[in-house]
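Bear in mind the structure is a predicted one, so any value in this text is a computation, not a measurement. In what follows, chains are A, B, ... by sequence order, proteins preceding strands, each numbered from 1.
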Amino acid sequence: MIAIVDCNNFYASCERVFNPKLEGKPVVVLSNNDGCVIARSEEAKELGIKMGALAFEMEGFFNQNKVHVFSSNYTLYGSLSNRVIKVLASFVDDMEVYSIDEAFLDLSNYKTEEIVTLCIQIRSAVKNSVGIPVTIGIAPTKTLAKVANRYAKKKCREIGVYFLDSPEKIQTTLSLTEIGDVWGIGSKHNIRLSQMGVLTAADFTKLSNEWVRNHMTVVGERMLQELKGIPCIEMELEAPPKKGICSARSFGKLLSNKQDIAEALANYTHTCAVKLRLQKSCTASISVFIQTNPHRLQEKQYFNSITIPLNVATNTSNELIKYAMWGLDKIYRKGYNYKKVGVMMTHFTPESQIQGGLFDKVKRDRDNMLMKTLDSCNKAFGKDLVRFARQGYKRNWKLKQERLSPCYTTDIKQILTIKI
DNA sequence: TCTGGGGTCCTAGGACCC
DNA sequence: TCTGGGGTCCTAGGACCC
């Protein structure tokens, strides 16, 4: 059996952990630049606040209804996510960390009759030691476990655990699950299937393999099998190395000055390079893109990108920043108000298998040692201790985060203080 | 009338996820 | 003023190889 553990309204719950007066109150978390709503507590959902609702339009509503609003604090969420994973790991041998707030657990070592008790224990362990409420769905396949989890969130809020342990139960639950709520059915397939009268997951299981294969590729066919109880999606116990790494962000305000944009780009490039080094990969291709605000129809628009193939794959920040700057130089045009810049790296090879270049003049050994030193300094003394000149200090590009909560768990200066 | 056949690799675009 | 960011997988079609 497979269980999926899903943190309830994760970001909103994180904000509550060190701020218990938010318990029972409506809480929402906003996207980068405080743009729109990306997480809501149950109370916020009950008030009718929609996912993606624009913050500036909701301002009055938030005030009237005493909604607690936060800028997203990924440092805090990432840190609490790690804590949750640690607790889960203490219960099972094999698990797949699926996202910041979800993990699949392999329960094949447990007897069917032990499972519900175990999951109730897991749930209270996470709540007690981290402070995050979770919901657990259990079933023979990942897709069915997701169905069970969704059902648990709607119908078994108190226990928070739901086990699809018989074919009859599976059948009933599938008939109560809307097709659009199935893991793997996005908006396009939802529209198409609904038009055909396939309204529930149970309806979907009645379709033929051929039809599903033809219209939804092998991905759809796997989903069909999984809903019928035949596992097709393996557990990934170890995260495979990434095939692409990207860093891009909208600016807190529109920028037209090239220097400001270059500073942002240098920072994003460094971020990607650090991630590359962490997974011991080098990239042979770096792309830079730049764009104005597509929502401002009255302003003149510009989007451009450039891909730079590298003769020798690398993961050193200094070299990658140099290429990124060269790329920006090629695509930057004066006279536009820019909203976003980004960098993307693809075509990875393992650090240990780099093909040298005949005419390569870069001092790679020296650069690699420099990166090792830089990374270990930053690891020991904080992420931004050693920087490249190109990263600058002006930070005109920085995010708008007007309602940021403290990084309670990762910055000693922001730790919780208690009056005794 | 007829235009080889069997492969690989790469890219762009679409769909999906959280 | 104001609309997130970072990924994955699959397929079709073109280029290219022998």
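Residue contacts for Lys253(A): at a heavy-atom cut-off of 4.0 Å it reaches no nucleic acid atom on any strand shown. Within the nucleic acid shown, Ala248(A) comes within 4.0 Å of sugar-phosphate atoms alone, with no base atom in reach, counting heavy atoms only. Looking at heavy-atom distances under 4.0 Å, Asp101(A) makes contact with sugar-phosphate atoms alone, never a base. Residue contacts shown for Ile245(A) are limited to sugar-phosphate atoms, with no base heavy atom under 4.0 Å away. Among the protein residues, Val37(A) comes within range of no part of the nucleic acid, since none of its heavy atoms lies under 4.0 Å from any strand. Nucleic acid contact class of Tyr98(A) (heavy atoms, under 4.0 Å, all strands): sugar-phosphate only. Within 4.0 Å of Glu102(A), counting heavy atoms only, lie sugar-phosphate atoms of the nucleic acid but no base atom. Note on Ile185(A): only backbone sugar-phosphate atoms sit closer than 4.0 angstrom, heavy atoms only; bases stay farther off. Across all strands, Gly342(A) comes closer than 4.0 Å to no nucleic acid atom at all (heavy-atom distances).
Remark: the backbone N or O of Ile233(A) is paired with a side-chain donor or acceptor of Glu226(A) at under 3.5 angstrom.
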Short N/O separations, protein against nucleotides 7-15 of chain B, under 3.5 angstrom:
from, atom 1, to, atom 2, distance (Å)
dT11(B), OP2, His347(A), NE2, 3.4

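dG4(B) and dC16(C): their C1' atoms are spaced 16 Å apart (whole Å). Across dC18(C) and dC2(B), the matching P atoms stand 30 Å from one another, rounded to whole Å.
When ring centroids are compared, Tyr332(A) and Tyr338(A) come within the 6.0 Å threshold.
Annotation: the span from Phe62(A) atom CZ to Glu57(A) atom CD amounts to 10.5 Å, rounded to 0.5 Å.
Of the residues near DNA chain C, Cys246(A) and Ile38(A), the one whose nearest nucleotide (by heavy atom distance) lies more toward the 5' end is Ile38(A). Between Arg296(A) and Glu236(A), the residue anchored nearer the 5' end of DNA chain C, judged by the nucleotide with its closest heavy atom, is Arg296(A).
Rounded to an integer number of Å, the gap from Gln279(A) CD to dG6(C) C1' is 13 Å. In this structure, Phe289(A) places its CZ atom 9 Å from P of dG5(C), rounding to the nearest Å. If you measure from atom NZ of Lys275(A) to atom P of dG5(C), you get 13 Å, rounded to the nearest angstrom. In this structure, Lys339(A) atom NZ and dT1(C) atom P are separated by 13 Å, rounded to whole Å. The CG atom of Leu30(A) sits 12 Å away from the C1' atom of dT3(C) (whole-angstrom rounding).
Between the side chains of Tyr11(A) and Glu15(A), no donor-acceptor pair of N or O atoms lies under 3.5 Å. Residues Arg277(A) and Ser317(A) have side chains that bring a donor and an acceptor to within less than 3.5 angstrom of each other.
Which of dC2(C), dC18(B), dG5(C) sits closest to the side chain of Lys340(A) comes down to dG5(C).
A salt bridge links Asp260(A) to Lys394(A): one of the charged nitrogens lies within less than 4.0 Å of a carboxylate oxygen.
Taking the six-membered ring for Trp and thresholds of 30 and 60 degrees, Phe104(A) and Trp183(A) have ring planes inclined between 30 and 60 degrees apart.
In this structure, Lys322(A) is not positioned above the aromatic face of Phe388(A) in the sense of NZ or CZ being under 6.0 Å from the six-membered ring centre and within 45° of the axis.
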